[in-house]
Amino acid sequence: MKILTEHINVPGIETIDVFRKHGGYSAVEKALKKMTPDEVTEEVKKSGLRGRGGAGFPVGMKWSFLAKPEGVPRYLVCNADESEPGTFKDHYLMWKSPHTLIEGMIVSSYALGANTSYIYVRGELMYVVNILEKAIQECYDKGLLGKNILGSGYDLDLFVQPGGGAYICGEETALLESLEGKRGNPRNKPPFPAVKGLWQSPTVVNNVESIAATSWIVNNGGEEYAKIGIGRSTGTKLISASGHLRKPGVYEIPLGITVEDFIYADEWCGGIREGHKLKAVVAGGSSVPILPAELILKTANGENRLMTYESLSDGGFATGTMLGSGGFVVMDETTCIVHNTLTFGQFYHHESCGQCSPCREGTGWMDKVLHRIEHGKGREEDIDLLVDVAKKIEGNTICPLGDAAAWPVAAAIRHFRDEFEWHIRHPEKATQKGAVFMREGASWTK
Amino acid sequence: MKVTIDNITIEVEPGTTIMQAARQIGPEVAPPAMCYYEPLKASGGKCRGCLVKVTAGSEKDPRPMPKLVPSCITQVQEGMIVENTINEQVLETRKGIVEFLLLNHPLDCPICDQAGECHLQDFSFEHGVSKTRTVEERNTFEQVDLGDHIQLHMNRCILCYRCVYTADQITDGRVHGVMHRGDHAEISTYIEKAIDNDFSGNIIDVCPVGALTDKTYRFKNRVWFTKPVEAHCDCDKCSGNVTLWYRGEEVIRVTGRKNEWGEVKEFICNTCRFDRKKTSDWTIEGPSKVSRASVISANKYGANTIKPAFPIKQAAEQYKKIDDNRDRSFLAPQKQLN
């Protein structure tokens, strides 16, 4: 079952004519001509579609929170600042099939009553900006954007704004600050963007994938969408699979397949690369907790772990993780977890905006301590220090970047403490090139 | 609206923040504020020093809030119950915040002009621990001249953004701001441009640490040797209400008048601050009210006038542990501080 990527490999799908031949913009026609904005919102609510950017908040509910005071413009902002390490699904979708997103933008803007909408694209993806702008121009030419779209009386202007390439601008309020032309610092909440967002007006910020899915929902109905998936995890999800896999790439999966299937089935990733074994998985982008092989395949109760929001977070952070943005990073036994944690630590150190003290100082501190451990200068007490610093950052910051920096470090120590201890106790071995600790009796140890 | 902070209930106006309500009760329950500055709009929420636990959100919805909330930007609700100094989690978190703020701080108090009136000193004295857990090298920056009157020591800065808001809100045209990100972020005018306008000197007053210093006062004296006096003059740019800081007969510094929370009451112009340094320039009103907790009061009103009971108790505990024959009778309960 493919919703977003069904026609993605059709040659010329990035042009409006080919896209329309494959059913493109039928949702716009249906929504604008036959449905009221509230009916569109209602369908999205029925679909159970959850935000695909990481937090998994129901899209329909987010839309219904939007304040609608008279005489104040409302905005829809598409968050295409995909910068989570391990995640590259939005990039793929926009690059291959820009009209899929634009169609979703028109439908969603109509539902929200927004007459101006923005796509905020990560600065590194300048060529995607060009692709989107070309596609938007095509839409203006065909009367799908601009004044009185398809004679329905609804006006919409769509703009693409490239960011400066900061991870923090993927946080919705930092994104809005950046879109306003300011320094991308997250805002204090409340007020939430649904009340005071872009230029102090009510704003909805949604991920590319969430917005793209709305046009299928309009075409086929929310109930049809809700039939895909399990429980509260409905629909399909783009997973960016990377790491030591036979077939890494972007896959559109129906939510609810097992993790084991996703890693090993030939339909999906096709297993771990030749001659190696699965050691650990970061299931939802760098900020979610890392899990060792036995916990990613089965939950602590011995049930099969599924690719759903609920199943992946089963067991809380003690034995579970999160679906997050779907950045599925697979590591085999040649991966040093300490080195991996250091890489993540460096990333968050570099990307912290520096506004609030726990994140600003804490990320730098963790980076420095991890750097010492990795380079053979660790001390026994450093492990507990890292745990404590992570704990003091978590939950005490303005935006979730602090949590995102703290979780991977805390989880790596929770599940791979022996590896950190080995680094500290045997620096001469650990600092050798390619040296990796082999846990005795672990499933990945030969 | 009724709100309870540390078991003390107070009636406040709707729209009041937890911090303002706590300040109305008094300094015993007021959370520390490193970045929040009441006269500056949009300040606060950054240092996280004022995080408090809300054990009941409101009368209607008495569930506790899941995370600690910054008291400076959280508005009170009817029937809200807040725990500040009586909550272990809050105190533990504050220890962490002090640790974070001091992580890259040079701790050069002995040569810092702010020492004695430094909010970071107060904060770490009241909420910090005396030991450091870090062995890493601290981040350092070059000192920068921001024009004729102001010197920036970026090493000491805690990025509270107060000076940025000051420049935004009381001067015409801000030329400095925060560059870069994370712990390598710095206050800067980008290419070492001078900050030059009539009210730029106020960024020195709002700075909670010794990052922005008055070049006409640098290294001249220690705060605790000086005597603050209220004075005014007929100024065409500002209200002319200032505090003069005397050492003997000499005016060594002019600042705005501050309230008991260390916030400037009226911003003053650069002419008053930097150029009027003679007693004859001013009409003297009388000595400023100096808090007994201030270093200026120390040793002046009989011994042990410094109030914060908690650190004193802590010091006494440490002192008791020293194993020698010194006379420790003054630590006995009957002579304890009131």
Side-chain angles (χ1 to χ4, degrees), chain A residues 164-169 173-174 182-191 346-372 377-379 381-382 384-386 388-403 405, chain B residues 17 34-36 42-53 65-70 72-75 89-90 92-105 120 123 132-139 157-161 164 168 177-187:
Chain A
Y167 174 70
I168 189 63
C169 291
T173 55
K182 300 181 200 150
R183 182 185 160 86
N185 276 357
R187 296 176 185 165
N188 281 304
K189 283 153 283 207
Q346 280 172 334
F347 175 79
Y348 289 108
H349 177 200
H350 184 253
E351 295 295 346
S352 167
C353 81
Q355 199 183 186
C356 59
S357 29
C359 175
R360 176 182 68 231
E361 305 294 346
T363 52
W365 195 2
M366 290 198 301
D367 178 13
K368 285 175 182 169
V369 175
L370 285 165
H371 191 272
R372 269 198 296 107
K377 302 226 170 63
R379 305 168 302 160
E381 62 265 39
D382 282 339
D384 288 329
L385 176 69
L386 281 173
D388 191 59
V389 173
K391 206 175 91 192
K392 293 221 160 106
I393 301 174
E394 192 189 332
N396 294 331
T397 53
I398 295 175
C399 81
L401 194 144
D403 302 342
Chain B
T17 61
M34 297 301 298
C35 66
Y36 172 73
S43 67
K46 299 192 194 318
C47 71
R48 317 307 273 183
C50 69
L51 289 175
V52 292
K53 179 79 190 168
M65 290 191 184
K67 287 181 186 176
L68 300 182
V69 299
C72 59
I73 50 166
T74 308
Q75 292 189 356
Q89 190 195 352
V90 170
E92 187 61 27
T93 305
R94 262 182 215 161
K95 265 187 214 164
I97 302 291
V98 172
E99 197 172 23
F100 286 136
L101 288 176
L102 294 180
L103 197 69
N104 284 305
H105 191 83
L120 187 56
F123 185 33
T132 177
R133 293 188 291 173
T134 178
V135 292
E136 315 325 314
E137 197 171 312
R138 285 159 205 263
N139 296 347
C157 178
I158 58 161
L159 288 167
C160 67
Y161 282 67
V164 179
D168 259 344
V178 177
M179 306 285 148
H180 311 301
R181 287 194 299 249
D183 62 3
H184 32 281
E186 57 176 312
I187 298 287

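Heavy-atom basis, side chains included; hydrogens, waters and symmetry copies ignored.
With a 4.5 Å cut-off on non-hydrogen atoms, A:H350 touches chain B through its backbone and its side chain both. Residue A:D382 does not touch chain B at all, counting heavy-atom pairs closer than 4.5 Å. There is no contact between A:E381 and chain B, counting heavy-atom distances below 4.5 Å. If you measure heavy-atom distances from B:H180 to chain A, the contacts under 4.5 Å come from the backbone alone. Interface remark: B:V69 contributes no atoms to any contact with chain A (heavy atom separation under 4.5 Å). Using a 4.5 Å cut-off between heavy atoms, B:Q75 makes no contact with chain A at all. B:L51 touches chain A through its side chain: at least one heavy atom from C-beta onward sits under 4.5 Å away, while N, CA, C and O do not.
The most heavy-atom pairs under 4.5 Å with chain A, out of B:V135, B:N139, B:I97, B:T74, come from B:V135.
Partners of A:D384 according to the side-chain hydrogen bond (donor to acceptor under 3.5 Å, both in side chains) rule, which considers only residues two or more places apart in sequence or in another chain, are A:R417. Listed by chain and residue number, A:R372 satisfy the salt bridge (Lys or Arg N to Asp or Glu O under 4.0 Å) test with B:E136 (two or more places apart in sequence, or in another chain).
In terms of heavy atoms, A:R360 sits closest to B:I158 at NH2-O, 3.1 Å. Residues A:R183 and B:R181 share a closest heavy-atom pair of NH2-CA, 4.3 Å. Closest of all the heavy-atom pairs between B:R48 and A:S357 is N-OG, 4.4 Å.
For the atom pair B:D183 CG and A:C359 SG, the distance stands at 9.5 Å (nearest 0.5 Å).
Side-chain contact between B:L101 and A:E361 is absent, with no heavy atoms from C-beta onward closer than 4.5 Å.
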